[in-house]
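Here is the structure we will look at.
One-based numbering, in listed order, for ligands and for the atoms of each. All heavy atoms count here, side chains included; hydrogens, waters and symmetry mates do not. Please read these numbers as outputs of a predicted model, since none were measured by experiment.
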Amino acid sequence: MANSIHLLPDHIANQIAAGEVIQRPASAVKELLENAVDAGANEIKLIINDAGKALIQVIDNGKGMNPIDAQNAFARHATSKISSIEDLFQIRTMGFRGEALASVAAVAQVSLKTRQAQDELGTSVEIENSQVSETSPVACPVGTNISMKNLFFNVPARRNFLKSNSAELKHIIEEFTRVALAFPEIYFSLTNNGQDVFHWESGSFKQRAIHVLGNSYQTKLVAVGEKTDYLTISGFVGKPETAKKTRSDQYFFVNRRFIKSAYLHHAIANAFDGLIPKESFPSYILYIDVDPSQVDINVHPTKQEIKFEDDKIIYAFVQAAVKHALAQFSIAPSLDFSLDANIQQLDAIQKPVSDEQRNSTASSSLYAGFTQKNQAHFIPRVSEAEKKEWKSFFSDIPTTSDQNQLENANETYIVKSSSMGLYKESEGVIVNEDATLLQVNNTYIIAPAQSGFIMVHQQLAHERVLYEKYQKATVQPHATQKSLFPVVLELSVADAILLEEIIEDLAIIGYEIEPFGQNSFIIQGIPADVISGNEKNAIELLLEQFKHFSGDIKFSKREKLIRCMARQSAIKAGQSLSQKEMHGLIESLLNCETPNVTATGAPTYIDFKEAYLDGLFTK
Ligand code: ADP
Ligand code: MG
């Protein structure tokens, strides 16, 4: 019988090993960027084509490699970063396993140009299927320029697994952003298909945070900073108003390495307790620095978990630091934490407050909060009224309902056209045009109908009306009103990508939005029935709702968008309406295809029939 065990040829073994490190273009991006950081560069340029599927190129001005290292770098376990097991416990570099370049070389066509400052000429190396095919001296700038083409060209199964360009680009931007946030002292740029996506000048941590989150965060970040012998925490949390429905804009770094930690996230969420609604997430960019011997980073390079020697201490520390920062913010909301050093020296800031100042502050509610127990760590609770506002802002969008089923079940409600004097009829419901309508609690409209009365929920009814209107708009575009003063929207990277994705659908329902430079958009026009002046808020809210929705694969993108729009633009409960407005609403409602429920299945009105009413009063 033939033996069945054999040794895998090198190139197959390499491809398998590579799969652990390089799963998608974004993983290669991460490795190459980290190598550039480790090489001490202060300028790193990332160039990609087709979301990294065709090309990933990283150009750095770091220390470069000599001709021998340039070839050896691609061997498995080739690293300059550790030479003994002890080194592992003091590691400060991003990489140390010597696997990245070997993996890249196994699954892409790689070329490298690199030069060290002391050498006149650099080295050029070409590699395919893990084999160096060519090396030659070359004139090039100091630093390293590495490009990998046609990722997974030799592993078609993997190539087929790659997602759409927009999905892969999103992953790349995520990795790029993480590295850039960790190293604000380095200039970073990203070019995709020849287009400048980002170029972030080197600067402070705050400047980089604003590059990433968008200019609107200029006044919305609270600085966190605490130091002990054991560890340091620094960075920013977003003010409560920046809390989101989704877990975007949450970054945690340990020794400048991006990590995911549900445990530490919990500590931060805890610090925000009572300040933001339960189902929302604070934004934060926090950096912990700790003696490397206190953490175990000897996990797989692509994993982002980390083990602390004593994670309970870290938890308490993170929570206290964030609470402290928030408390300071709530007692001194107008003082920007990044005041420049000259301003910090001013008397007004240095000198103790005068009696007069003290009296005036003592009468403010902020002061009252501050003087309660626990002082600095006391965070005033939000009032019930405020909470209610938050709640309605973040109110859940019901996501489950089977539209078809509802529609079929309610076939009997299909509208027939009106006949003189009566406007609309929806099986059994006829409302007279001249009827006097009654608004109760600014929410419900009582309308006499031919056989009793109906009670309409104004918000839900309007939601149905708008839903059908927007649905029809997908056949015939909705009217747009041009903005007299176009509004500029500045978004976070993630939101900008999302908006790009839905921009065409928004156009159909009447939003005319155009890209306006980096992460910015200009709103040129809004649906004819949206009140202008509020378009910025409307779009931001729409994006939030849309994100919340987007996990729901049952619905098409457009369907989700229409639902969000209808929900958002509907008149709200609590708004007082005139007879004319109420009649207008009921007329449009009864004219709907499916007047009796919202798209998500909530009833829009209840029909009280005489027979039923009589029954209620029978002894
Ligand atoms: P690791 O980063 O874990 O050491 P890599 O496979 O990523 O392993 O890189 C192998 C080696 O190649 C590094 O240790 C480093 O010496 C060298 N190297 C890689 N990229 C660069 C670069 N951009 N500049 C200078 N040297 C580099
Ligand atoms: Mg590396």
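Partner of Arg24 under the salt bridge (charged side-chain N to carboxylate O under 4.0 Å, His left out) criterion, out of Glu31, Glu175, Glu168: Glu168 alone. Of the candidates Leu55, Asn165, Leu162, Leu169, Pro25 forms a side-chain contact (heavy atoms from CB on, under 4.5 Å) with just one, namely Leu162.
Remark: Phe516 CZ is loosely packed, at most 12 non-hydrogen atoms of other residues, nucleotides or ligands lying under 6.0 Å away. By the 6.0 Å contact criterion, NZ on Lys113 is open, its count of non-hydrogen atoms from other residues, nucleotides or ligands being 12 or less.
For the residue pair Asn215/Glu490, the side-chain donor-acceptor check at 3.5 Å is satisfied. Side chains of Asn150 and Gln109: a donor on one and an acceptor on the other come within 3.5 Å.
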Ligand 1 polar-atom proximity to protein (N/O, under 3.5 Å):
unit_1   : atom_1 : unit_2 : atom_2 : d
ligand 1 : 2 (O)  : Asn35  : OD1    : 3.0
ligand 1 : 2 (O)  : Lys81  : NZ     : 2.6
ligand 1 : 3 (O)  : Phe96  : N      : 2.9
ligand 1 : 3 (O)  : Arg97  : N      : 2.9
ligand 1 : 3 (O)  : Gly98  : N      : 2.8
ligand 1 : 4 (O)  : Thr79  : OG1    : 2.5
ligand 1 : 6 (O)  : Ala100 : N      : 3.3
ligand 1 : 6 (O)  : Leu101 : N      : 2.9
ligand 1 : 7 (O)  : Asn35  : OD1    : 2.9
ligand 1 : 7 (O)  : Asn35  : ND2    : 2.8
ligand 1 : 8 (O)  : Gly98  : N      : 3.4
ligand 1 : 14 (O) : Thr79  : OG1    : 3.4
ligand 1 : 14 (O) : Ser80  : N      : 2.9
ligand 1 : 14 (O) : Ser80  : OG     : 3.1
ligand 1 : 16 (O) : Ser80  : OG     : 2.5
ligand 1 : 20 (N) : Asn35  : ND2    : 3.4
ligand 1 : 23 (N) : Asp60  : OD2    : 2.9
ligand 1 : 24 (N) : Thr144 : OG1    : 3.2

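The ring of Tyr263 has its center closer than 6.0 angstrom to the ring center of Tyr315.
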Checklist entry - Can Phe205 and Tyr287 be said to form a ring-ring contact (aromatic ring centres under 6.0 Å, His included), step by step? => result CA-CA 10 Å; Phe205 279 94; Tyr287 305 89; 4.6 Å; yes
Next on the checklist: For a ring-ring contact (aromatic ring centres under 6.0 Å, His included) check, start with the C-alpha distance between Trp200 and Phe176, then their side-chain angles and the critical distance, and finish with the verdict.
Outcome noted: CA-CA 11 Å; Trp200 293 335; Phe176 177 86; 5.4 Å; yes
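Here the Mg ion (ligand 2) has protein N, O or S atoms under 2.8 Å from it, and they come to 1.
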